[in-house]
Amino acid sequence: MVKHISRVFFSVLLVTSMVACGSDSGKKSADINSDANMKQGTPEQLYNNGIDAIKTKHYKLATKQFETLQENFPYSGYAPNAQLMQGYAYYLQNKYPDAVKQLETFLQLHPNSPDAPYAFYLRALCYYERISDVTRDQQSTLEALTALNDVVNRFPGTSYARDAQLKIDLCRDHLAGKEMLVGRFYEQQKNYEAAITRFQRVILDYQTTNHVAEALHRSVEVYLKLGLTDQARKTASILGYNYPNSVWYRYTYNDLKKYKLTSNQTEKPTAHRPGFFSRTWNSFTSLF
């Protein structure tokens, strides 16, 4: 999906950028592997050679073409596009640190370029593509979140911002998943204070993610183990109000029954009814 979006941009760039015309448009690039040809070629030829290399998926060769153009013709009108396209070629090779470095150079030299929104967006994708599973360090997720927020804040209303927002939601869900993983580990180790801290973080900082119901259930589990029955009941009521038909509330309801903490007022697992999480939020935050 991400790569597809980038290739859509590439198609647009082919139309809007400075491509060769006239007699040059009919030339073949069969000899673009020649270092001598790269050094002797015009900026236009080098740029088009790079574009041709990307179109034929010779990304390493494309990188070399754009790099040679910048080295030999740094003041050419083709140089800015070559900088951007070199970053794109690195991205297509999964060389994300190199791509980020190249894109940041482009943005430093051309902050007002009409292609700046895409450069910021592609830079964010370079971090996003490096997100690892929740069992590993999430530094890349945090970096992706920062870079994606930068796109949304700088270019609101654009297609880049809309796609970035979707990825922000995924990043937040990923970070919440990491907190849950660590919280469950602490709970298993009977380090209940550390566990409840992680579950609270999910509930308070990642309210729109898919992990909130489980975080509420795990909080009830910990409170019951600590003998904090009032906190357990109050947290269970929030879970029952907002997620009455979730598997997590069914688990919580059974736990309350086991501890003989249910009453006629206890919400039973049922079909979800309209309501907003924030309507009972003050009840939860008052517990801490």
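Under a 3.5 Å cut-off, the side chain of Gln188 and the backbone N or O of Phe185 do not form any donor-acceptor pair. Between the side chain of Ser246 and the main chain of Tyr243, a donor-acceptor pair closer than 3.5 Å is present.
Using modelled atom types, one finds no donor on one side chain facing an acceptor on the other under 3.5 Å when comparing Thr105 with Gln83. If you check the side chains of Tyr253 and Asp255, you find no donor sitting under 3.5 Å from an acceptor.
Counting only residues at least two apart or in different chains, salt bridge (charged side-chain N to carboxylate O under 4.0 Å, His left out) contacts with residues 172-185 comprise Glu179-Arg198, Glu179-Arg201, Arg184-Glu214.
Around atom OH of Tyr251, no more than 12 heavy atoms belonging to other residues, nucleotides or ligands sit under 6.0 Å away. For Lys225, the NZ atom sits in a packed shell: over 12 heavy atoms of surrounding residues, nucleotides or ligands are nearer than 6.0 Å. At most 12 non-hydrogen atoms from other residues, nucleotides or ligands lie less than 6.0 angstrom from NE2 of His58.
With sequence neighbours excluded, the residues satisfying ring-ring contact (aromatic ring centres under 6.0 Å, His included) with Phe106 are His110. Qualifying side chain to side chain contact (heavy atoms under 4.5 Å, CB included) partners for Asp98, counting only residues two or more places apart in sequence or in other chains: Tyr90, Lys95.
Test Gln65, Gln70, Lys64 against Gln86 for side-chain hydrogen bond (donor to acceptor under 3.5 Å, both in side chains) and you get one pass: Gln70.
Ring planes of Trp248 and His217: tilted class, angle from 30 to 60°.
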From CA spacing to verdict: ring pair (Phe, Tyr, Trp, His ring centres under 6.0 Å), Tyr160, Tyr118: CA-CA 7 Å; Tyr160 300 126; Tyr118 179 76; 5.8 Å; yes

Lys167 vs Asp163, salt bridge (charged side-chain N to carboxylate O under 4.0 Å, His left out): CA-CA, chis, key distance, verdict: CA-CA 6 Å; Lys167 289 176 171 56; Asp163 189 72; 2.6 Å; yes

From CA spacing to verdict: side-chain contact (heavy atoms from CB on, under 4.5 Å), Ser219, Phe199: CA-CA 6 Å; Ser219 296; Phe199 299 144; 3.5 Å; yes

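Taking CG of Asn153 as the start and CZ of Phe120 as the end, the distance is 11.0 Å to the nearest 0.5 Å.
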